[in-house]
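What you see is a predicted model; the values in this text were computed from it and never measured. Naming: A, B, ... by sequence-line order, numbering from 1 per chain.
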2 protein chains.
Amino acid sequence: MVPVNLRDVAAHARVSLATASRVFAGNANVQPAIKERVLASAEALGYVVNGLARAMTGRGPRSIAFVVRAMIGPTFASLAAGVESVAGKNGHLVLMCATDGDEQRERELIGVLRELRVKAVLLVGSTETDAAFDERAAGYARDLAQVGATLILCGRPPIMGQGDIVSVDYDQRSGIGAGVDELVALGHRRIAYVGEARGMTTAEQRLDGYTAALVRHGITPDPALMRVAANSEADGARAVDELLRSGVGATAVVAMTDNIAVGAYRAARGQGLTLPDDLSIIGFDDVPVVADLTPGLTTVHPPFFEVGVRAAEIALGVAPAADVLLQTRFMRRGSAAPV
Amino acid sequence: MVPVNLRDVAAHARVSLATASRVFAGNANVQPAIKERVLASAEALGYVVNGLARAMTGRGPRSIAFVVRAMIGPTFASLAAGVESVAGKNGHLVLMCATDGDEQRERELIGVLRELRVKAVLLVGSTETDAAFDERAAGYARDLAQVGATLILCGRPPIMGQGDIVSVDYDQRSGIGAGVDELVALGHRRIAYVGEARGMTTAEQRLDGYTAALVRHGITPDPALMRVAANSEADGARAVDELLRSGVGATAVVAMTDNIAVGAYRAARGQGLTLPDDLSIIGFDDVPVVADLTPGLTTVHPPFFEVGVRAAEIALGVAPAADVLLQTRFMRRGSAAPV
DNA sequence: CTGAAAGCGCTTACAG
DNA sequence: CTGAAAGCGCTTACAG
């Protein structure tokens, strides 16, 4: 591995550095014969353009960064695939970073991404709903703008009063609403909700979607029917177990996520209930395999891949930098039955 | 966004370019007072180190690339998370690329990654088993070596006769073997296998693991019990449906993947069978939710995250560049019963 | 500890 | 179409 540079190639081909550069930069103004000679020299010498140097001079595509809390869950893979598909098609690379929910790591990441002159950073997934986050994000956006990069929020709503930070989101509220509609249509009135406590955008949106839908149907939200559970089967099971034992008369549960819904199956069965007759359950996320539970889980399918696609298009300037709100798809299966 | 460079900062702080550079390069040899002055100037001017320029001079961490067929399935997310966790911890970034199984795209990708002077490219997942792939990989390894980069295979065995290309893999053969062992212990002899046809390493390894285990137990593999199915629920269901109707007397099926196993549940139920009494089913991959099927799927858990970790460690030179073969974990649940 | 200078590898006006 | 030269933004011996 002898490092060979353009100068070496030029010398070997007996042309100037400029001419050699032109053949690799794809500049048309080079005589075919000379071009061949340069290419041959490059081949002979084992020359590989230095993309870093090229990038430094402002040429070459800038990468786009995907920053997520954890590379896990339904959101991650599909959304990333969506981003990669358009980035790849346009000749850009995507950098994948995880913050583990660590604020300092997040800051550092934005810092190095900025130094690397990425074209955009996609901040993916649910975030804190507090003002502290909003300010942090505004700061990131400013810092990035300083080097000509954009901050794009994915899978969470726009930040109020920050019209310049674009958001590509899916309608979680109406997604949950569709689930409530279904249950109401089946005659349910005592519809419980089990999900994470407020504090993060996704938890907030889904919970709000639930209460809003209830109100829309003239049902007063009952705090006794709203249970907090972490996003896991185990905690979902725990919460639903308690809900069922509490005697509040829930005939259906809207789970914030499929994970929690699966926990609900387990808890209900643990108490000897028959599904869906004794309890209707609706999930959210439409992760693989839930269609094959017994009964198949009725849930909401979020357009994660599409969110990734749209965000990447905005990142690359292929699409206008305007907020996007995509629709979810209601997946009717067997877990919601007439009351 | 006025581009400001180190020279501007140096001028503003009234020090030489060299001194300014030293404070950002983390060089200790700068008087605290001067250092402060430079930092203050940088702040005032809104200076952001150009990581591209730094990278070009050979400083700065080189990224590591993750190249996969599709950003999907059980392998992808966990493995990527493993890679990212060690890369992040060591200050390296990870580039995420998908080939979509397109050979030309794969080549191009290796090409740009090479130009970008990545430290290593992790070729992730099952690959063709033919000589053409082996040669292609050898070519990639050579091309990458030319710029000081390494090719690392992840989730597939080492290439015969290419001792210099490291592989980080998990033992798929013994993983499937554990499933067969379990079934034999439960009294099964007519054990079917449903999975992809030969041609890709994973299909090959799992199928071989099945026949090897059978032989080990003194059971002669019966071609009538070996069915081809694509890696999907739908095709798994189709294949198992045919298997069952064929009257070959299978009492158990070892599925190449959980996807196929889930299809097997569907097919068996479609024929009125009771699980697991009428048919034992064992999967592979241990994807989410399968534990909550009825009955819970007995399957094999591959250490994808760990594969990612080990590969990244080798990529970064934290671990020696030697082949790694990780063990799987057998997950005994309810889908395999005595015959 | 600090600076002047050369260098990293490429690109791009500017003149022919 | 081709070349000499300046430049991109940083780093690092080499002398103080």
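When each of B:Pro32 and A:Val48 is assigned the nucleotide of DNA chain C bearing its nearest heavy atom, the one mapping closer to the 5' terminus is B:Pro32.
Using C1' as the reference atom, D:dG16 and D:dT12 are 16 Å apart when rounded to the nearest Å. Here the separation of D:dA5 from D:dC1, taken at their P atoms, is 23 Å to the nearest Å.
Between A:Thr19 and D:dT2 there is no side-chain polar atom (N or O) within less than 4.0 angstrom of OP1 or OP2. OP1 or OP2 of C:dG9 has not a single side-chain nitrogen or oxygen of A:Asn50 nearer than 4.0 Å. The side chain of A:Ser16 places an N or O atom within less than 4.0 Å of a non-bridging phosphate oxygen (OP1 or OP2) of D:dG3. For D:dT11, one of the phosphate oxygens OP1 or OP2 lies less than 4.0 angstrom from a side-chain nitrogen or oxygen of B:Arg54.
We find that A:Arg69 and A:Glu106 are not joined by a salt bridge, their nearest charged nitrogen and carboxylate oxygen being 4.0 Å or further apart.
Note: CZ (A:Arg7) to C1' (C:dT11) measures 12 Å, nearest angstrom. Between the CZ atom of B:Arg59 and the P atom of C:dG9 there is a distance of 15 Å, rounded to whole Å. Taking atom CZ of residue B:Arg114 and atom P of nucleotide C:dG9, one finds them 16 Å apart after rounding to whole Å. The separation between B:Leu6 atom CG and D:dC8 atom P is 13 Å, rounded to whole Å. Going from atom CZ of B:Phe24 over to atom C1' of D:dT11 covers 14 Å, rounded to whole Å. Between the CE atom of B:Met56 and the P atom of D:dT11 there is a distance of 10 Å, given to the nearest Å. For B:Glu115 and C:dG9, the CD to P distance is 15 Å, given to the nearest whole Å. Atom pair B:Leu17:CG and C:dA4:C1' shows a separation of 10 Å (rounding to whole Å applied).
Nucleotide C:dT2 is matched to D:dA15 when pairs are restricted to Watson-Crick or G-U wobble geometry with both distances under 3.5 angstrom.
Distance alone, capped at 3.5 Å, places no donor-acceptor pair between the A:Ser78 side chain and the A:Thr75 backbone.
Ring orientation note: the planes of B:Phe76 and A:Phe76 are close to parallel, at an angle under 30° on the 30°/60° scale.
Residue A:Thr57 has its side chain nearest to C:dT11 when only C:dA4, C:dT2, C:dT11 are considered. Checking C:dT11, C:dG7, C:dC1 against every side-chain atom of B:Gln31, the shortest atom distance belongs to C:dC1. Checked against D:dA5, C:dA4, C:dC8, the side chain of B:Arg22 finds its nearest nucleotide in C:dA4.
For A:Ile72, the CD1 atom sits in a loose shell: 12 or fewer heavy atoms of surrounding residues, nucleotides or ligands are nearer than 6.0 Å.
If you take CD1 on A:Ile64 and NE2 on A:His92, they are separated by 8.5 Å, rounding to the nearest 0.5 Å.
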